[in-house]
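Just so it is clear, the values below take in all heavy atoms, side chains as well, and ignore hydrogens, waters and symmetry mates.
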Amino acid sequence: MTVAEAPARRARRYDPGRRDRIVATTLDVIAEHGVTGASHRSIARAADVPLGSITYHFATLDELLTAAFTSHVDTVAPRFDERMRAAQDSGAVLDYLVEHLTGDLLDSARDLVLTVELYVAAARNPALRAVTQDWMARSRRSLERHFDPVTARELDALVEGLVLHSALSTDPMDRDQIRHALARFAR
């Protein structure tokens with residue numbers, strides 16, 4: 001009687017950046033297919049990792065989406081804070097606000113889609129609403145360098161509205177129109 005040989009085990013791939021790559025790939029999948037197209041399988045396939053790696057690092061798809069959108073916010077929010085920190089007077093604040101909107105948020109089709117996808121998903125998902133709430137709080141703190149808290153909140157809402165308007169309109173406002181709208185608050 002012969003003892004059957006055990007099947008050879010595949011060597012584990014050393015991949016210390018796997019979790020971060022999964023998060024980054026999730027944003028890529030969302031940018032291309034939307035939140036509705038972001039499944040465990042589609043993300044694993046795009047990240048070139050076994051499906052089990054997704055569930056090893058993230059207990060649920062909501063947890064993964066939250067990590068991905070938090071990563072997106074952690075990229076965009078500091079750019080805005082840097083702009084507000086650099087502004088020395090009301091004219092510079094207005095210039096930086098316009099540049100933030102037209103450059104940081106609207107100039108990148110990918111970032112614009114990710115932002116809109118976050119807004120839509122957050123309308124139904126409390127965990128993602130916490131991500132948007134954090135983003136709004138960070139934006140307001142940046143704006144409060146130059147404005148009182150009420151004006152900062154209203155201006156933040158205007159910026160978000162201008163982003164949605166630009167994303168959804170077939171005739172979005174141009175740079176000068178955006179500047180004019182923001183100037184009403186940034187005096």
Side-chain angles (χ1 to χ4, degrees), residues 17-84 97 99-144 152-173 178 181-182:
R18 182 174 288 187
R19 184 184 191 284
D20 292 339
R21 191 169 74 252
I22 290 168
V23 168
T25 301
T26 300
L27 289 172
D28 293 339
V29 170
I30 293 167
E32 188 172 337
H33 303 287
V35 169
T36 58
S39 66
H40 285 106
R41 287 187 191 286
S42 65
I43 294 164
R45 190 177 325 108
D48 191 27
V49 299
L51 182 59
S53 286
I54 303 291
T55 56
Y56 173 80
H57 290 288
F58 303 95
T60 64
L61 186 58
D62 280 350
E63 187 180 315
L64 175 53
L65 292 174
T66 299
F69 280 125
T70 298
S71 173
H72 174 65
V73 169
D74 287 346
T75 300
V76 177
R79 286 186 287 190
F80 181 62
D81 191 57
E82 285 175 31
R83 289 186 187 282
M84 290 300 99
L97 280 170
E99 187 54 38
H100 172 65
L101 249 160
T102 60
D104 297 339
L105 298 176
L106 300 177
D107 202 33
S108 166
R110 180 182 188 276
D111 285 349
L112 180 59
V113 165
L114 288 172
T115 299
V116 172
E117 286 286 337
L118 171 57
Y119 290 163
V120 171
R124 290 194 170 100
N125 183 326
L128 294 178
R129 197 166 307 122
V131 174
T132 59
Q133 191 63 41
D134 175 62
W135 192 1
M136 287 185 277
R138 291 167 77 173
S139 295
R140 289 178 195 152
R141 280 193 303 273
S142 296
L143 288 165
E144 286 173 5
R153 183 176 185 166
E154 292 170 348
L155 192 52
D156 184 50
L158 175 61
V159 167
E160 290 173 15
L162 289 168
V163 168
L164 285 173
H165 181 272
S166 294
L168 303 175
S169 178
T170 58
D171 184 26
M173 295 170 72
I178 288 172
L182 291 170

Does the pair Val76 and Thr115 meet the rule for a side chain to side chain contact (heavy atoms under 4.5 Å, CB included), with working shown? CA-CA 10 Å; Val76 177; Thr115 299; 5.6 Å; no
Does a side-chain heavy-atom distance below 4.5 Å link Val35 with Val120? no
Are Arg110 and Asp28 side-chain neighbours, meaning at least one heavy-atom pair lies under 4.5 Å? yes
Just so I know, are the side chains of Gln133 and Arg129 near enough to count as touching, which here means a heavy-atom distance under 4.5 Å? no
Stepwise side chain to side chain contact (heavy atoms under 4.5 Å, CB included) check, Asp104 with Arg83: CA-CA 11 Å; Asp104 297 339; Arg83 289 186 187 282; 2.8 Å; yes
Roughly how far, to the nearest 0.5 Å, is CD of Glu117 from CG of Leu112? 10.5 Å
How far does CG of Leu158 sit from NE2 of His165, to the nearest 0.5 angstrom? 11.0 Å
Does CZ belonging to Arg153 count more than 12 external heavy atoms closer than 6.0 Å? no
Would you name the heavy atoms of Ala38 and Leu65 that are closest together and state the gap between them? CB-CD2, 4.3 Å
Which class fits the ring pair Trp135 and His72: parallel under 30°, tilted 30 to 60°, perpendicular over 60°? perpendicular
Ser42 side chain to Gly37 backbone, donor-acceptor under 3.5 Å: yes
Supply the atom-to-atom distance Glu32 CD to Ile30 CD1, rounded to the nearest 0.5 angstrom. 12.0 Å
Donor-acceptor pair, distance only, cut-off 3.5 Å: does the side chain of Ser166 make one with the backbone of Val163? no
Please determine if Asp156 and Arg141 form a salt bridge, counting it only when a charged side-chain N lies under 4.0 Å from a carboxylate O. no
To the nearest 0.5 Å, atom CG of Leu162 lies from atom NE2 of His100 at 11.0 Å
Least distance between heavy atoms, Thr25 atom then Ile43 atom: CG2-O, 3.9 Å
What heavy-atom pair brings Ala122 and Thr132 nearest, and what distance separates the two atoms? CB-CG2, 3.7 Å
Search all heavy atoms of Ala44 against all heavy atoms of Leu51 and return the closest pair with its distance. CB-CA, 3.9 Å
Close side-chain approach of Arg18 to Tyr56, heavy-atom, < 4.5 Å: no
Between OG of Ser53 and CZ of Arg19, what distance do you get to the nearest 0.5 Å? 12.5 Å
Is any side-chain heavy atom of Val116 closer than 4.5 Å to a side-chain heavy atom of Leu164? yes
Value rounded to 0.5 Å, distance of CG in Leu114 from OG in Ser71: 9.5 Å
Evaluate the criterion side chain to side chain contact (heavy atoms under 4.5 Å, CB included) for residue pair Thr70 and Val23; output intermediate values, then yes/no. CA-CA 10 Å; Thr70 298; Val23 168; over 6 Å; no
Walk me through whether Arg138 and Asp74 qualify under salt bridge (charged side-chain N to carboxylate O under 4.0 Å, His left out). CA-CA 10 Å; Arg138 291 167 77 173; Asp74 287 346; 2.7 Å; yes
Given side chains that start at C-beta, do those of Thr66 and Phe58 come closer than 4.5 Å, heavy atoms only? no
Work out which heavy atom in Met84 is nearest to a heavy atom in Leu143; give both atom names and the distance. SD-CD2, 4.0 Å
If you define the side chain from C-beta out and look only at heavy atoms, does anything of Leu97 sit under 4.5 Å from Phe80? yes
Would you please test Val159 and Leu105 for side chain to side chain contact (heavy atoms under 4.5 Å, CB included) and show each step? CA-CA 10 Å; Val159 167; Leu105 298 176; 4.1 Å; yes
pair Leu118-Val73: side-chain heavy atoms closer than 4.5 Å: yes
